[in-house]
Amino acid sequence: MTSASSESPDITPSVRPTTSGPLLPSIKSPDDVKKLTDEQRVELAGEVRETLINCLSVTGGHLGPNLGVVELSIALHTVFSTPTDKFVFDVAHQGYVHKMLTGRADKIDTIRTYKGLNGFLLRSESEHDAYGAGHAGTCLSAALGMAAARDLTGGDSHVVAVAGDAAFTCGPTLEALNNIAETTKKFIVVLNDNEWSIDKNVGAIARYFNALQTHSTYSSVRTSAADFVEKLLGKAARKIAHKVEEGAKNLIFPNVLFEKFGLRYFGPIDGHNLPLLVKTFEHLKTLNEPVVLHIITEKGRGYQPALDNPGKFHGLGAYKIEDGSTDTVSSPTCSDIFGRTVTNLAIDDPGIVAITAAMPGGTKLDTFKRELPDRYYDVGIAEEHAALFAAGMATEGVRPFLAIYSTFMQRAYDMIIHDIALQNLPVRLCMDRGGLSGDDGPTHHGLFDIGYLRHVPNIIHMQPANEAEFVAMLNWMAKYDDGPTAIRYPRGVITGVSVDEKVSPIILGKGELVQEGNDVALIGLGSFFEMAVRTKELLEAKGYSVALVNPRFIKPLDTELLERVARNCKVICTFEDHVLMHGFGAACIEHLHDAGIPTPVERIGWPDEFIEHGKPDTLQALHHLTPEAALDKILSRLKTDN
Ligand SMILES: Cc1ncc(C[n+]2csc(CCOP(=O)(O)OP(=O)(O)O)c2C)c(N)n1
Ligand SMILES: CC(=O)[C@@H](O)[C@H](O)COP(=O)(O)O
Ligand SMILES: [Mg+2]
């Protein structure tokens, strides 16, 4: 097991997982899984669970989803042979067990820590990671692409797409489903149905999957299913089939939705019954037609706190193993403030509705759901649809607050332009995780939303410098009906100031000149305003006169204020928790160029690359997003320009 090493300061001390047996350490590759007996594989499952619970209690991570796929992952690696055969996991947050079985068990205690294993599958991390992910709904399309490529070369490897039940609420999944039967004959879909998204799964698809488990017809065909199981799996399995409660349902059921899409449907079966899974996959791999195996699993299986609270244990930070408790955050997070504020606004304004794309917990719209259920909408993992749905509501005079993380809002890019901005509809785009998201890494960092919104006509985009300003901006947005508005705010806390702190009124397109100065002007956007303050202190200690600006608006830029400080100062430095490319600093440079003002602009922000996973402080230091780095840039600019 890897222990914390000097060059990775923020790896929390690793906890040696106390596995009961000797099997897991001997698993150096999937071949070692194949050599085990059925009984040993069941024992291995126990060791994997114990290791996950132990390690993730220190690093945090997606414990619930991974505890739900222990047997599935072992069965897949028993029957198929990666990297020749390909596994494509949807979201891939449930890929930890796959990693443990493909030679990374000794590093699992570094998951999602700087320089440690990525929390999702990553092609650059292992040849067994056929496809990376992080965003939902991609696995069927990507896997189908692999199958089609295989067919082009006459290959006979297997491609297995593993998608959760909520992945089927995602548009791209359904787009792929429409294409499978006409594209390939050899394709296996595993529907891992635990009835949960991050929160309870929603919509007709969720209800349909549930019906497949409980439909009355099942009980009448179960006997034929038991015969089928016996034929397929032998007498012993028939006993398993009867012994396993509800979960071992019949294996074939006519007229299932998937059959309409040309996929042969099998299931639902107990997704924790290892021998049954192995035997079923051994059968499915012999078929020359696209198939879907519907398995029923429990999110958090084997750890009672996770079973009791699947939403919390979908993904969390460090927790106490004994009771699953986690440290409480000292001050309210931006998400807490957002949920409370929008609910309060809606209590006073019946025109306000709240829309989430399967993330009531992450966005804290669960507050709104609890208090105003009739004006709360969870559309599933369907950001494109959510944006269109909000646009439609706005045409009818409703005030939609559309809460989608910055990174997931990328999915709705065309709808924002084509439907919301072009028609100038007053949808409120509320982008949590605006900035580095941390442990989840490059698939989740919200570092592109200034870039994807700044060039869209009619869009107003802002970012608060503290929690009180955040509330003031949300209040302002609630009243602004003249077109679309967008606000970005970070994961967690900004400064921790009270939301009751006094702030000057929010005026469209107006920033705040917090301090006059005539040597250097520092413009700190949002959560990076604090970094500008710390840079100011370093400059003033060297005798410089510093102007300090809180811009508040990304668009429309406060050009009057920008020109004023540019004329008064010798150099400007901007600070943004966003990539520099097409970011806030770039907007300032563009405007000063167009205004014919030659004051140079230094910029602090993320480079033009995908930023790895790790704690924000570590990554900011690594990529020179610090007051010290800003000071160096400013001083060298002043020197060269003198
Ligand atoms: C486009 C997108 N939207 C939202 C998310 C956040 N998210 C991560 S996992 C998840 C739920 C996945 O549920 P399911 O597919 O059933 O898998 P399970 O966790 O139940 O195994 C969501 C909504 C995401 N990763 N990608
Ligand atoms: C896998 C996934 O996309 C979500 O679980 C995401 O990790 C949630 O991020 P937060 O922990 O920032 O809410
Ligand atoms: Mg699920």
Side-chain angles (χ1 to χ4, degrees), residues 60-70 72-73 89-97 111-112 118-121 132-140 161-173 190-203 205-206 209-210 271 294-301 306 310-317 326 333-335 356-364 378-387 403-413 432-446 490-492 613 616:
H62 289 94
L63 179 68
N66 282 282
L67 289 176
V69 296
V70 173
L72 171 63
S73 306
F89 290 87
D90 204 75
V91 185
H93 61 311
Q94 77 296 56
Y96 301 8
V97 183
I111 195 96
R112 292 169 29 122
N118 185 286
F120 306 96
L121 267 59
H135 285 194
T138 63
C139 88
L140 260 63
V162 179
D165 51 301
F168 283 84
T169 65
C170 211
T173 303
V190 179
L191 160 54
N192 171 31
D193 186 359
N194 52 29
E195 298 182 42
W196 285 79
S197 178
I198 294 184
D199 300 82
K200 205 77 175 112
N201 197 7
V202 297
I205 293 252
F209 288 157
N210 190 265
H294 184 181
I295 69 172
I296 310 301
T297 61
E298 277 186 314
K299 202 162 192 175
R301 178 148 173 137
K312 170 182 171 182
F313 280 85
H314 167 85
L316 76 170
T326 48
T333 64
C334 286
S335 312
T356 177
M359 300 192 74
T363 60
K364 288 289 187 277
D378 178 354
V379 299
I381 314 178
E383 288 82 3
E384 304 91 323
H385 161 57
I404 297 179
Y405 288 9
S406 162
T407 188
F408 301 139
M409 191 70 88
Q410 292 161 192
R411 279 281 170 89
Y413 179 64
D432 199 336
R433 276 64 173 176
L436 203 78
S437 92
D439 300 343
D440 274 333
T443 52
H444 284 64
H445 295 322
R491 186 176 203 273
H613 62 275

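Just so you know, residue 1 is the first one in the sequence shown, and it goes up from there. Indexing begins at 1, ligand by ligand and atom by atom, following the structure's order.
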How close does the nearest protein non-hydrogen atom get to [atom], and which residue and atom is it?
atom: atom 13 (O) of ligand 2; result: Tyr405 OH, 2.6 Å
atom: atom 12 (O) of ligand 2; result: Arg491 NE, 2.7 Å
atom: atom 2 (C) of ligand 2; result: His444 NE2, 3.4 Å
atom: atom 9 (O) of ligand 2; result: Asp440 OD2, 3.4 Å

Would you check if [X] and [Y] make a side-chain contact, meaning some heavy-atom pair closer than 4.5 Å?
X: Met359; Y: Ser197; answer: no
X: Tyr96; Y: Leu63; answer: no
X: Arg301; Y: Val70; answer: no
X: Asn66; Y: Ser73; answer: no
X: His613; Y: Asp439; answer: no
X: Cys170; Y: Arg411; answer: yes

Can you measure from [atom1] ([X]) to [atom2] ([Y]) and round to the nearest 0.5 angstrom?
X: His444; Y: His135; atom1: NE2; atom2: NE2; result: 5.5 Å
X: Asp432; Y: Thr356; atom1: CG; atom2: OG1; result: 10.5 Å
X: Asp90; Y: Leu191; atom1: CG; atom2: CG; result: 11.0 Å
X: Thr297; Y: Trp196; atom1: OG1; atom2: CH2; result: 13.0 Å
X: Ile205; Y: Phe168; atom1: CD1; atom2: CZ; result: 8.0 Å
X: Leu67; Y: Gln94; atom1: CG; atom2: CD; result: 12.5 Å

Exercise. Looking only at heavy atoms of His135, does any of them come nearer than 4.0 Å to an atom of ligand 2?
Worked result: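 No, that is not the case, since the closest heavy atom of the residue is not under 4.0 Å from the ligand.
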
Pairwise, report which nitrogen or oxygen atoms of ligand 1 are under 3.5 angstrom from protein nitrogen or oxygen atoms, and how far apart they are.
from	atom 1	to	atom 2	distance (Å)
ligand 1	3 (N)	Glu383	OE2	2.7
ligand 1	15 (O)	Ala167	N	3.2
ligand 1	16 (O)	Asp165	N	3.2
ligand 1	16 (O)	Asp165	OD1	3.0
ligand 1	16 (O)	Ala166	N	2.9
ligand 1	16 (O)	Trp196	O	2.9
ligand 1	19 (O)	His93	NE2	2.7
ligand 1	19 (O)	Lys299	NZ	2.8
ligand 1	20 (O)	Asn194	OD1	3.1
ligand 1	20 (O)	Asn194	ND2	2.9
ligand 1	20 (O)	Trp196	O	2.9
ligand 1	20 (O)	Lys299	NZ	3.2
ligand 1	21 (O)	Asn194	ND2	3.4
ligand 1	25 (N)	Gly134	O	2.8
ligand 1	26 (N)	Ala136	N	2.8

Problem set entry | Ligand-residue contact atoms, ligand 2 with Phe120, heavy atoms, under 4.0 Å | 1 (C)

Problem set entry | Subset of ligand 2 atoms that lie under 4.0 Å from at least one heavy atom of Phe408 |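 With Phe408 as reference, the close atoms of ligand 2 come out as 3 (O).
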
Seminar exercise, completed: Of all heavy-atom pairs linking Ala357 and Val379, the shortest is CA-CG2, 4.1 Å

For this session: May I ask you to check if ligand 2 and His62 share an N or O to N or O distance below 3.5 Å?
Result: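 Between His62 and ligand 2, an N or O pair is found under 3.5 Å apart.
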
Exercise. Backbone or side chain, does any N or O of Arg433 fall under 3.5 Å from an N or O of ligand 2?
Worked result: yes

Exercise. Do the ring centers of His93 and His314 come within less than 6.0 Å of each other?
Worked result: yes

For this session: With the Mg ion (ligand 3) as the centre, enumerate protein N/O/S atoms below 2.8 Å in chain and residue order.
Result: Asp165 OD1, Asn194 OD1, Trp196 O

Exercise. Ligand 2 versus Val91, non-hydrogen atoms closer than 4.0 Å: side chain, backbone, both, neither?
Worked result: side chain

